[in-house]
Amino acid sequence: MSTPRSEFLSAAIERGFIHQCTDFETLDQRLHSGRLSGYIGYDCTADSLHVGNLVGIMLLRLFQKCGHKPIVLMGGGTTRIGDPSGKDEARRLLDDAEIGRNMAGIRLVFAKFIDFGDGPSDALMVNNADWLDELRYIPLLRDVGRHFSVNRMLTQDSVRLRLERDQPLSFLEFNYPILQAFDFVELARRSGCELQIGGSDQWGNIVGGVELGRRIDGRTLFGLTTPLIATASGAKMGKSVGGAVWLNTEKLSPYEYWQFWRNTEDADVGRFLRLFTELPIGEIARLERLEGSEINEAKKFLATEVTTLAHSQQVALAAAETARAVFEVGGLASELPMLAVSRDTLGRGIAAFDLFTDAKLAASKGEARRLIRGGGARVNDRPVKSETEPISLVDLDPHGFIRLSAGRKRHVLVRPV
């Protein structure tokens, strides 16, 4: 891969965004010659995106900042089928009402990161249901399906891994790569889109769209993938003890979001600063050289910068101050996540392992029991003595809350109602 001339590819490589490209040299020339439209597709499986989607979002933001036009493709049509990539089983099929609600939630997330409008570089959001719903089966088979080799499709990871594990793959899911490829061609026809961006697990599907564009319309299209991000210890990016780390406030509080990034492993600080913030590379190099207790300052900086992008600077600074009050001063901060429990229930008492599970400080009752047995569970800063120890109204602190802690960094306030 030669040194790129285009601003976008130069910055994307420097920050670690690029994994694969279908034709790097030609794409670089095209980006260097003028504005280009590129898209990322998102199926509407939930009413928010999560941290696992953030690499693509940040790359699309960079794409726009370099003068190009982002297109966000909402999978109103493909969500009805389900992408088998990286899945061990078929995805639950959603009805149209659920898809609509999820699409609205995802729109709110994107509005925080990229600018939509009518300008040359303003982002465009489209829904593939607009064309997929109108497809007729026989013309699709004749005009599109004939360009796909079943032999080759069987070698794609999304299909091969399912078959090797003897896990069922429905004919419905088997059609997904064909429809994704058709999406690319249709976006090229409707909006002049020339680039598809996706995670590395989408490589086969993206190449299928590039080749379909060449075969059907004689178009030159490009594909670019980002690396799938795991932490230094090998954990999948975007997961926490309580589940997915969501990007909207309704599903995850800004404080919890800030705390997720504050808990970054030492070895990941520099990489995450490059991918998930817009700090200059020189400043990032300085921060990632910090060692010992000083690396914690870099983590706080990372957490505040990332939270600013998702929730605003004011909210990010409030989350940072909440953390300072909780961990450095020992006070009670109203920004901590809350669990409302009826006063009657608390009056009778709740087994500690049940309450820690309800507070999502453990993913299961078994995990809560292990947390307590290992000495990692605290109530109002005192260790929980046993898994079945009752937590009740007698545990209320002077502020009228019960503070649950898992380790030193994760806290939930129980509020009687």
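This is a predicted model, so every value here is computed, not measured. Positions are given from 1 along the sequence.
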- Could you go step by step and tell me if E256 and S253 meet the side chain to side chain donor-acceptor pair (under 3.5 Å) rule? CA-CA 5 Å; E256 291 173 285; S253 73; 3.0 Å; yes

- side chain to side chain donor-acceptor pair (under 3.5 Å) between D183 and W131, worked out: CA-CA 8 Å; D183 281 344; W131 54 84; 2.8 Å; yes

- Task: Would you sort out whether L355 and L339 count as a side chain to side chain contact (heavy atoms under 4.5 Å, CB included), showing the intermediate values?
- Result: CA-CA 9 Å; L355 191 56; L339 172 66; 3.9 Å; yes

- Pair F110-L49, side chain to side chain contact (heavy atoms under 4.5 Å, CB included): steps then yes or no: CA-CA 9 Å; F110 262 102; L49 298 177; 3.5 Å; yes

- Please lay out, stage by stage, how N128 and T78 fare under the test side chain to side chain donor-acceptor pair (under 3.5 Å). CA-CA 7 Å; N128 64 13; T78 44; 3.0 Å; yes

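Contact between A188 and L221 at its shortest, heavy atoms only, is CB-CD2, 4.0 Å. Nearest heavy atoms, C44 versus G75: SG-N, 4.0 Å. Of all heavy-atom pairs between R343 and P416, the closest is NH2-CG, 3.6 Å. Contact between E194 and F184 at its shortest, heavy atoms only, is O-CZ, 3.7 Å. Closest approach of A316 and W258 over heavy atoms only: O-CD1, 4.0 Å. Smallest separation of non-hydrogen atoms from I206 and G198: CD1-N, 3.8 Å.
The environment of K251 atom NZ is dense: over 12 non-hydrogen atoms of other residues, nucleotides or ligands sit within 6.0 angstrom. Surrounding CD of E250 are more than 12 heavy atoms belonging to other residues, nucleotides or ligands, all under 6.0 Å away. Within a 6.0 Å sphere centred on CD of E283, other residues, nucleotides and ligands contribute more than 12 heavy atoms. The environment of NZ in K112 is crowded: more than 12 heavy-atom neighbours from other residues, nucleotides or ligands sit within 6.0 Å.
The structure places CD of E288 at 12.5 Å from CG of D266, a figure rounded to the nearest 0.5 Å. Here the straight-line distance linking atom CZ of R286 with atom CG of L273 works out to 10.5 Å at 0.5 Å rounding. To the nearest 0.5 Å, atom NE2 of residue H411 and atom CG of residue L404 are 10.5 Å apart. Rounding to the nearest 0.5 Å places CD of E367 at 12.0 Å from CZ of F356. In this structure, CG in L124 is found 5.5 Å from OG in S191, a value given to the nearest 0.5 Å. To the nearest 0.5 angstrom, R415 atom CZ is 11.5 Å from L346 atom CG.
In this model, a donor atom of one side chain and an acceptor atom of the other lie less than 3.5 Å apart for S6 and D28. Using a 3.5 Å distance cut-off with no hydrogens or angles, the side chains of R215 and H147 do not pair a donor with an acceptor. Side-chain atoms of N102 and Y42 form no donor-acceptor pair, as typed in the model, at a separation below 3.5 Å. S121 and R35 share a side-chain donor-acceptor pair at under 3.5 Å. In summary, the side chains of H19 and T225 do not present any donor paired with an acceptor at a separation below 3.5 Å, with no hydrogens or angles considered. Remark: the E7 side chain and the S10 side chain contain no N/O donor-acceptor pair separated by less than 3.5 Å. Between the side chains of Q196 and Q202, no donor-acceptor pair is found at a separation under 3.5 Å.
Residues L195 and S37 form no side-chain contact, since every pair of their non-hydrogen atoms from C-beta on lies 4.5 Å or further apart. Here the side chains of D47 and I106 are not in contact, with every heavy-atom distance at 4.5 Å or above. Using a 4.5 Å heavy-atom threshold, the side chains of L371 and R373 count as separate. With a 4.5 Å cut-off on side-chain heavy atoms, I229 and R271 count as touching. F17 places a side-chain heavy atom less than 4.5 Å from the side chain of M58. L279 places a side-chain heavy atom less than 4.5 Å from the side chain of F301. Counting heavy atoms from C-beta outward, K65 and F8 have side chains that stay 4.5 Å or more apart. The side-chain heavy atoms of I40 and V72, taken from C-beta on, include no pair separated by under 4.5 Å.
A salt bridge does not link D122 to K69: none of the charged nitrogens lies less than 4.0 Å from a carboxylate oxygen. Using a cut-off of 4.0 Å between Lys/Arg side-chain N and Asp/Glu carboxylate O, D381 and R378 are scored as not salt-bridged. Using a 4.0 Å cut-off between charged nitrogen and carboxylate oxygen, E211 and R152 count as a salt-bridge pair.
Although no hydrogens or angles enter the test, the distance criterion places a donor-acceptor pair under 3.5 Å between the side chain of D95 and the main chain of A97.
Figure legend: R61 and F113 shown without cation-pi pairing, the cationic atom not lying both under 6.0 angstrom from the six-membered ring centre and within 45 degrees of its axis.
Close placement of the W261 and F276 rings is indicated, their centers lying within 6.0 Å of each other.
Paired with R403 under the rule side chain to side chain contact (heavy atoms under 4.5 Å, CB included), one option of D395, N380, V412, V379 passes, and it is N380.
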